[in-house]
Number of protein chains: 2
Amino acid sequence: MKTPSSLTVLTDSLRRLPGIGPKTAQRMAYHLLQHDRDAAADLSQSLAKALDTIRHCALCNTFTEQVVCETCQDSQRDHTQLCVVESPSDQVMIEQTLTFKGLYFVLMGRLSPLDGIGPRDIHLEKLITRATDGVVSEVVLATNFTNEGEATAHYISETLKARGLKVSRLARGVPVGGELEYVDAGTIARAMLDRRTT
Amino acid sequence: MKTPSSLTVLTDSLRRLPGIGPKTAQRMAYHLLQHDRDAAADLSQSLAKALDTIRHCALCNTFTEQVVCETCQDSQRDHTQLCVVESPSDQVMIEQTLTFKGLYFVLMGRLSPLDGIGPRDIHLEKLITRATDGVVSEVVLATNFTNEGEATAHYISETLKARGLKVSRLARGVPVGGELEYVDAGTIARAMLDRRTT
């Protein structure tokens with residue numbers, strides 16, 4: 001019994017989506033062809049459209065359809081502060097806090113030597129050019145607090161401090177609403193070392 | 001801060017895949033655009049290709065690129081037996097057992113009144129036409145042993161028996177390798193009622 005070749009090809013393509021295994025890919029293919037051909041056509045077109053129009057902002061490296069994204073074009077923002085994040089979704093989270101009015105640089109990744117991701121893959125040259133434009137005075141590192149994120153922050157910090165920039169990092173400590181009993185010892189240790197006079 | 005519109009459209013399209021929520025869709029979109037544009041192009045094309053070429057077999061209703069699928073064209077098979085399954089993957093599972101040499105009818109679904117899926121949605125008219133072609137003498141119902149699958153089997157059974165066909169159902173009982181201690185009471189009850197003289 002043979003599966004039609006274009007169905008096999010479709011299943012294989014769906015498997016290339018992150019986190020999708022063979023069974024899920026097959027279920028998706030059947031679902032699309034049997035129950036939701038509109039969604040399939042829609043997805044085919046929006047993939048082609050996005051590939052065609054989405055590029056990286058010349059300044060902050062995030063996804064945009066223009067040469068420079070709208071955030072970077074915003075004259076209301078503080079051009080002396082630059083916040084470095086790993087991904088556009090991290091940028092969205094920081095925007096939601098309303099605590100940062102400067103500009104961003106989106107690495108689109110993190111250093112991860114084990115996966116072969118080095119400084120070039122996270123666009124470090126572009127970040128250095130951006131941060132040393134003469135206007136930026138402080139770089140806030142807001143990479144994740146994972147091992148890779150911390151290593152990335154450390155690497156960028158050393159690189160930029162060597163060029164005379166002020167570099168800061170988001171504070172570590174006990175999360176808002178956190179109960180000490182349920183917070184890990186590493187976090188409490190860091191909160192103790194970084195304690196602030198009130 | 002605005003997300004580029006073609007990126008939003010892509011994320012929305014990915015959300016229409018079964019089992020994909022907003023966070024996963026966003027992660028997939030970022031991954032495709034940043035790390036695997038080849039996979040995105042590939043998926044776009046294979047979706048378009050599949051939509052263009054995949055249709056339903058005129059006889060067994062499964063996915064095929066021809067008018068009649070290869071299985072139905074196979075003259076080596078027993079044309080007097082027809083096995084009714086819910087999906088092409090169920091058909092693959094039965095083929096793997098090498099215990100059935102007849103032909104198939106793929107419902108592409110199951111009766112589910114709560115979801116508004118009635119006899120028309122599972123192509124019952126087509127099944128009746130197929131089963132009453134004068135060659136088929138036995139219909140083996142191999143829908144799933146879920147509530148919907150059982151209801152579907154019952155409905156098809158009544159419909160086809162009224163037309164004078166012999167209708168059978170896969171046996172229920174204790175699975176191979178099953179330990180009675182860990183098998184549910186319903187299964188043991190069924191195995192007891194259906195016990196066979198040895």
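Keep in mind that the numbers below use all heavy atoms, side chains included, and drop hydrogens, waters and symmetry copies.
Of the listed residues (B:Gly109, B:Ala41, B:Ala40), the one with the most heavy-atom contacts under 4.5 Å to chain A is B:Ala40. Of the listed residues (A:Lys23, A:Lys49, A:His31), the greatest number of heavy-atom pairs within a distance under 4.5 Å of chain B belongs to A:His31.
Looking at B:Ser6, its side chain never comes within 3.5 Å of a backbone N or O of A:Ala50 through a donor-acceptor pair.
At least one side-chain heavy atom of A:Leu32 sits under 4.5 Å from a side-chain heavy atom of B:Leu17.
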Please step through side-chain contact (heavy atoms from CB on, under 4.5 Å) for the pair B:Leu43 and A:Arg16, ending with a clear verdict. CA-CA 8 Å; B:Leu43 180 54; A:Arg16 295 180 67 179; over 6 Å; no

How far apart are the C-alpha atoms of A:Leu51 and B:Leu33, what are their side-chain angles, what is the distance that settles it, and do they pass the side-chain contact (heavy atoms from CB on, under 4.5 Å) test? CA-CA 7 Å; A:Leu51 283 174; B:Leu33 290 172; 4.2 Å; yes

Is there a side-chain contact (heavy atoms from CB on, under 4.5 Å) between B:Leu47 and A:Gln45 once you walk through the steps? CA-CA 9 Å; B:Leu47 280 164; A:Gln45 282 152 25; over 6 Å; no

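Between B:Tyr30 and A:Pro88, the shortest heavy-atom contact is OH-CB, 3.3 Å.
For the atom pair CD of B:Gln34 and CD1 of A:Ile54, the computed distance is 11.5 Å after rounding to the nearest 0.5 Å.
Here the rule is side chain to side chain contact (heavy atoms under 4.5 Å, CB included) with A:Ser46, and of B:Thr11, B:Leu10, B:Leu14, B:Asp12 only B:Leu10 fits it.
Of the atoms belonging to A:Asp52, not a single heavy atom falls under 4.5 Å from chain B. Proximity to chain B involves both the backbone and the side chain of A:Asp42, based on heavy atoms less than 4.5 angstrom apart.
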